[in-house]
Amino acid sequence: MPAIVIVGAQWGDEGKGKATDLLADRIDYVVKFNGGNNAGHTVVVGDQKYALHLLPSGILTPGVIPVIGNGVVVDIEVLFDELTALSSRGVDVSRLLVSANAHVITQYHRTLDKVTERFLGKRQIGTTGRGIGPAYADKINRVGIRIQDLFDENILRQKVEGALHQKNHLLVKIYNRRAIAVDEVVEDLLGYAERLRPMVADTALILNDALDAGKTVVFEGGQATMLDVDHGTYPFVTSSNATAGGAATGSGVGPNKLDRIIGIVKAYTTRVGAGPFPTELEDESGEWLRARGFEFGTTTGRPRRTGWYDAPIARYASRINGITDFVMTKLDVLTGLETIPVCVAYDVDGVRVDEVPVSQSDFHHAVPIYEEFPGWSEDITGARTFDDLPKNAQDYVLAIEAMSGSRISAIGVGPDREAIIVRHDLVN
Ligand code: GDP
Ligand code: IMO
Ligand code: MG
């Protein structure tokens with residue numbers, strides 16, 4: 001099983017970083033295929049805690065070749081900051097490869113992200129403010145800057161001029177901000193070119209060759225299914241394809257090469273930013289989950305919204321991604337609850353709806369229909385086999401597995417690297 005895709009099956013922060021790290025000592029390459037430094041993956045290795053944003057989590061494992069694919073938007077300053085911070089902690093970052101076709105996040109994308117959010121007022125999305133949406137908008141509008149443009153000053157200047165022509169009118173006349181000088185942006189980008197040059201490669205060619213040679217490649221998704229620009233809760237989404245199809249387009253590897261699609265779910269649900277969230281708890285149970293699960297954003301530090309497990313969402317993710325295996329994380333967080341509600345369907349205007357409604361308006365006022373499962377009070381953080389779990393915890397996992405559309409192959413019982421129960425091998 002050489003090509004393994006890891007995707008978030010809810011609204012992000014499911015523990016994708018930990019899942020990648022779990023596989024990392026058995027893989028050769030790890031590819032980030034979508035998003036940018038809006039992602040935040042926390043990986044705990046021994047007494048060391050790492051927060052990764054732009055770099056794929058597999059970079060922490062010696063010998064793995066990390067790749068930033070063409071589907072990523074790269075803030076180069078952030079890239080170098082992250083590389084410097086990791087190498088100062090002894091992580092070897094020298095093997096990183098960056099696609100020549102990846103797009104660049106510049107100063108004007110960050111500025112536009114912030115001003116457009118402010119102007120949306122009550123309708124704001126709650127973006128991470130990293131310039132992600134404006135950079136992808138430029139890509140689709142065909143006025144984006146690609147990594148390879150940094151090596152041709154004339155082309156770079158022309159493209160920055162083209163991009164700023166309209167944007168400066170917007171910034172000055174609509175948003176009341178100062179115009180951004182072409183020279184400033186060009187110089188800024190050119191300043192990174194020589195340091196970047198050795199990392200830049202035809203990553204699609206390298207990855208295809210690696211797969212042909214029988215190497216193992218993990219495609220690590222940022223964000224998640226419900227934040228996907230096509231399949232998520234639009235417009236309250238990110239601007240890329242965070243679902244499994246994005247692994248193919250965002251890396252240049254054909255979809256028929258993808259062998260295994262691993263969906264990561266939390267044993268409950270969280271969301272950062274605005275948008276519908278049927279099982280959200282705005283009471284002390286929600287506070288309890290937030291405190292117990294330490295649910296604060298890795299990127300922006302914002303408190304995450306919290307709620308119970310939503311089975312229709314997991315089934316939806318299972319379909320949209322073609323999930324072969326789920327990894328369920330954070331089961332330990334639920335320890336101590338007398339009963340645990342799980343959303344099994346929704347009530348939409350008095351009608352029972354078993355699947356995620358296609359109408360966004362319906363989803364906005366879908367009321368969860370819950371089934372209650374008995375909880376457990378034993379500490380499960382030391383469990384390493386399914387049989388080590390208390391009977392009620394086993395039953396909770398099995399019930400969720402039956403409702404979620406794919407088997408649950410691993411269960412997280414704590415943030416540490418070792419705190420995992422593997423039921424089915426995720427690589428072979
Ligand atoms: P990602 O964006 O999907 O990689 O997830 P984040 O790193 O943003 O958020 C997941 C958080 O949960 C991190 O702080 C992890 O260290 C932590 N975590 C992952 N798996 C488990 C688990 O099984 N139990 C507990 N208690 N924490 C976990
Ligand atoms: P990881 O990879 C959770 C959310 C933002 C906002 C929306 C759009 O750590 O799971 P953007 O800046 O992407 O334009 O913001 O998407 N969002 C995330 N939420 N985890 C993430 O990444 C996210 N990346 C973006 O909060 O609602
Ligand atoms: Mg995260």
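Everything numeric here is computed off the predicted structure, so don't read it as measured data. One-based numbering, in listed order, for ligands and for the atoms of each.
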> Run the numbers for me: atoms of ligand 2, each under 4.0 Å from some heavy atom of Ala39, listed by number.
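It comes down to these atoms of ligand 2: 1 (P), 2 (O), 9 (O), 22 (O).
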
> Taking only Lys NZ, Arg NE, NH1 and NH2, and the carboxylate oxygens of Asp or Glu, determine whether Arg315 and Glu355 approach each other closer than 4.0 Å.
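Looking at Arg315 and Glu355, the cut-off is met.
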
> To check your reading of the model: name the closest protein heavy atom to atom 15 (O) of ligand 2, its residue, and the distance in Å.
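Result: Thr127 CA, 3.3 Å.
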
> With sequence neighbours excluded, give me every salt bridge (Lys or Arg N to Asp or Glu O under 4.0 Å) pair touching residues 53-80.
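Residue pairs with at least one partner in residues 53-80: Asp75-Arg110.
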
> When you measure from atom 13 (O) of ligand 2 to every protein heavy atom, which one gives the shortest distance, and what is it?
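Nearest neighbour among protein heavy atoms for atom 13 (O) of ligand 2, to 0.1 Å: Thr238 OG1, 2.6 Å.
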
> Under 4.0 Å from a heavy atom of Gly40: which atoms of ligand 2 are those, numbered in the order shown and with their elements?
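Answer for ligand 2: 1 (P), 9 (O).
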
> Decide whether a cation-pi geometry holds between Arg89 and Tyr50; the criteria are a distance under 6.0 Å from NZ or CZ to the six-membered ring centre and an angle within 45° of the ring axis.
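Because its charged atom sits under 6.0 Å from the ring centre and within 45° of the axis, Arg89 does stack over Tyr50.
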
> Can we say Arg290 and Glu295 salt-bridge, meaning some charged N sits less than 4.0 Å from an Asp/Glu carboxylate O?
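Salt bridge flag = no for Glu295 with Arg290.
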
> Check whether any N or O atom of Ser239, backbone or side chain, sits under 3.5 Å from an N or O atom of ligand 2, and answer yes or no.
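Ser239 vs ligand 2: no N/O contact under 3.5 Å.
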
> Check Arg123 with Glu117, please: is the shortest side-chain N to carboxylate O separation under 4.0 Å?
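Here Glu117 does not pair with Arg123 in a salt bridge, since their nearest N and O are not under 4.0 Å apart.
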
> Working to 10°, measure the angle at the Mg ion (ligand 3) formed by atom OD1 of Asp13 and atom O of Gly40.
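Vertex the Mg ion (ligand 3), arms to OD1 of Asp13 and O of Gly40: 160°.
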
> Please report the shortest heavy-atom distance between Pro390 and Ile380, naming the atom on each side.
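In terms of heavy atoms, the two residues are closest at CD-CG2, 3.4 Å.
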
> Which protein residues have a heavy atom under 4.0 Å from ligand 1?
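Contacts of ligand 1 under 4.0 Å: Asp13, Glu14, Gly15, Lys16, Gly17, Lys18, Gly40, His41, Thr42, Thr298, Arg304, Thr329, Lys330, Asp332, Val333, Gly412, Val413, Gly414, Pro415.
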
> How close does the nearest protein non-hydrogen atom get to atom 3 (C) of ligand 2, and which residue and atom is it?
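Looking at atom 3 (C) of ligand 2, the protein heavy atom closest to it is Asp13 OD2, 3.3 Å.
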
> Report yes if some N/O of Thr128 lies less than 3.5 Å from some N/O of ligand 2; otherwise report no.
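N/O-N/O distance under 3.5 Å: yes.
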
> So if I count the atoms of ligand 2 from 1 in the order they appear, which ones are less than 4.0 Å from some heavy atom of Lys16?
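Those atoms are 1 (P), 2 (O), 10 (O).
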
> Please determine if Arg130 and Asp113 form a salt bridge, counting it only when a charged side-chain N lies under 4.0 Å from a carboxylate O.
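Salt bridge absent between Arg130 and Asp113.
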
> At less than 4.0 angstrom from any non-hydrogen atom of Gly222, what atoms of ligand 2 do you find?
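Listed by number with element, the hits are 2 (O).
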
> Return yes if a side-chain donor-acceptor contact under 3.5 Å exists between Ser361 and His364, otherwise no.
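No, because no side-chain N or O of Ser361 sits under 3.5 Å from a partner of the opposite role on His364.
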
> Considering only non-hydrogen protein atoms, determine which one is nearest to atom 6 (C) of ligand 2 and report residue, atom name and distance to 0.1 Å.
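Scanning the protein heavy atoms, the shortest distance from atom 6 (C) of ligand 2 goes to Gly126 O, 3.2 Å.
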
> Do Arg305 and Glu280 sit within salt-bridge range, that is, some charged N less than 4.0 Å from a carboxylate O?
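Looking at Glu280 together with Arg305, the answer is yes, because their closest N to O distance falls below 4.0 Å.
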
> Quick test of your reading of the model: are Arg292 and Asp332 salt-bridged, counting only N-O distances below 4.0 Å?
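No, no charged N to carboxylate O under 4.0 Å.
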
> Is the shortest side-chain heavy-atom distance between Arg178 and Leu171 below 4.5 Å?
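In short, these two side chains do not touch, never coming nearer than 4.5 Å.
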
> Any atoms of ligand 2 less than 4.0 Å from a non-hydrogen atom of Trp11? List them with their elements.
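Contacts of ligand 2 toward Trp11, numbered from 1: 3 (C), 19 (N).
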
> Within ligand 2, which atoms have a heavy atom of Gly12 less than 4.0 Å away?
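What qualifies from ligand 2 is 10 (O), 20 (N).
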
> By number and element, which atoms of ligand 2 are closer than 4.0 Å to a non-hydrogen atom of Val237?
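Near Val237, meaning under 4.0 Å from one of its heavy atoms, ligand 2 has 7 (C), 8 (C).
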
> Just checking: Gly17, one of its N/O/S atoms, less than 2.8 Å away from the Mg ion (ligand 3), yes or no?
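Looking at Gly17, which is the residue asked about, there is no N, O or S atom under 2.8 Å from the Mg ion (ligand 3).
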
> Evaluate Val272 for polar contact with ligand 2, using N/O atom pairs at a separation under 3.5 Å.
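Yes, Val272 has an N/O under 3.5 Å of an N/O on ligand 2.
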
> With nothing but distance in play, are any N or O atoms of Arg302 less than 3.5 Å from an N or O of ligand 2?
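The answer is yes, given that Arg302 and ligand 2 share an N or O pair closer than 3.5 Å.
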
